[in-house]
Amino acid sequence: MSLYDRLFKPRRYTLPNGTVVEEKRSRAPLVILIVLALGALSVHITGFDVAVLVKKGGKFFDILTAMFPPNTGYLAKIWQPLWDTVKMSFLGSFVGAVLAIPFAIAAASNIVTNRVVVFIVRLFLSLVRTLPTLVCALIATYIFGLGTMAGTCAIAVFTFAYVGKQLFEIIETVDMGPYEAMEALGATRLQAFTTAVFPQVLPTYLSVSLFCLEGNVRYASILGYVGAGGLGLIMNEKIGWREYDSLGMILIVLFLTVMVIEGISHWLRKRLT
């Protein structure tokens with residue numbers, strides 16, 4: 001019996017047939033207490049001040065007000081950076097999602113029986129996931145120089161790590177009966193996987209990749225802050241010059257673009273799943 005059950009005795013009920021059953025006390029009060037304690041500790045450590053938030057929080061809305069009405073005259077200069085952002089998102093998402101497939105297979109314990117290989121691949125995926133996209137873009141700018149190439153590589157790395165983790169977890173939940181039957185008929189592991197396992201995970205894999213693409217369009221828009229091209233470059237410029245009306249135009253165009261891409265992605269995911 002756990003310490004909690006010792007402190008808060010379970011309720012005892014006697015059934016009509018004389019059997020005595022126990023119902024353990026809910027853990028909800030303990031969970032709420034822990035959350036409140038951690039919240040109070042976080043406020044103390046971070047120095048969060050509600051008074052400052054109330055006093056200066058309105059500045060955020062001052063900037064939003066300055067964005068409207070947006071500067072429609074700046075629209076002509078947005079299309080090329082917007083196109084660069086979309087290109088980075090699509091290409092980076094595609095490359096990352098494709099590269100994730102072999103690593104996801106190697107990380108699936110029901111496909112690869114060598115525990116050392118599974119551990120190493122999973123550890124590698126975890127390490128890659130710890131790298132923020134902006135840091136990846138910054139490193140890529142030192143390797144490939146300023147421009148969309150760096151942004152594409154950063155998005156590909158993020159997509160690779162995200163899709164890789166999701167995919168190997170999906171693979172581990174599939175029905176292994178067809179896979180084992182293919183192996184019994186003499187097929188190699190690769191042939192058995194592509195014939196019996198991959199068709200089971202393909203719809204979910206494509207759905208996860210499309211979902212990742214939706215987020216990458218938004219992430220790509222800020223990679224220009226580290227010189228990776230796209231909308232982030234001109235967003236950083238307009239914020240620096242305090243040209244908030246032009247920034248408002250950029251955000252409106254970005255919002256509409258993201259909505260269109262998410263609509264198409266949602267439609268495709270519904271058809272796939």
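Scope of the values below: all heavy atoms of this structure, side chains included, with no hydrogens, waters or symmetry mates.
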Legend entry - Met235 to Ile250 - nearest heavy-atom pair and separation: CG-CG2, 3.6 Å

Inset, instruction - Assign the ring pair Phe198 / Tyr205 to parallel, tilted or perpendicular, where the plane angle (0 to 90°) is split at 30° and 60°. - result: tilted

Inset, instruction - Give, for atom CG of Leu254 and atom CZ of Arg218, the distance between the pair rounded to the nearest 0.5 Å. - result: 9.0 Å

Legend entry - Spacing of CG belonging to Leu185 relative to OG1 belonging to Thr195, to within rounding of 0.5 Å: 10.5 Å

Legend entry - Shortest non-hydrogen contact between Ser93 and Ile155, atoms and distance: N-CG2, 3.9 Å

Inset, instruction - Report yes or no: do Phe68 and Ile239 belong to one cluster of Ile/Leu/Val/Met/Phe/Trp/Tyr joined by side chain heavy-atom distances under 4.5 Å? - result: yes

Legend entry - Side-chain touch Asn71/Glu243, heavy atoms, less than 4.5 angstrom: no

Legend entry - Closest heavy-atom pair and its distance - Ala108, Ile171: CB-CG2, 3.6 Å

Inset, instruction - Output yes when Glu172 and Arg122 qualify as a salt bridge under the 4.0 Å nitrogen-oxygen rule, no when they do not. - result: yes

Legend entry - Minimum heavy-atom distance Ala107-Val118, with the two atoms named: O-CG1, 3.5 Å

Inset, instruction - Please name the pair of heavy atoms, one in Cys153 and one in Phe144, separated by the smallest distance, quoted to 0.1 Å. - result: SG-CE1, 3.5 Å

Inset, instruction - State whether the side chain of Thr85 and the backbone N or O of Leu231 hold a donor-acceptor pair below 3.5 Å, judged by distance alone. - result: yes

Legend entry - Sidechain-backbone polar pair: Gln200 side chain, Ala196 backbone, donor-acceptor under 3.5 Å: yes

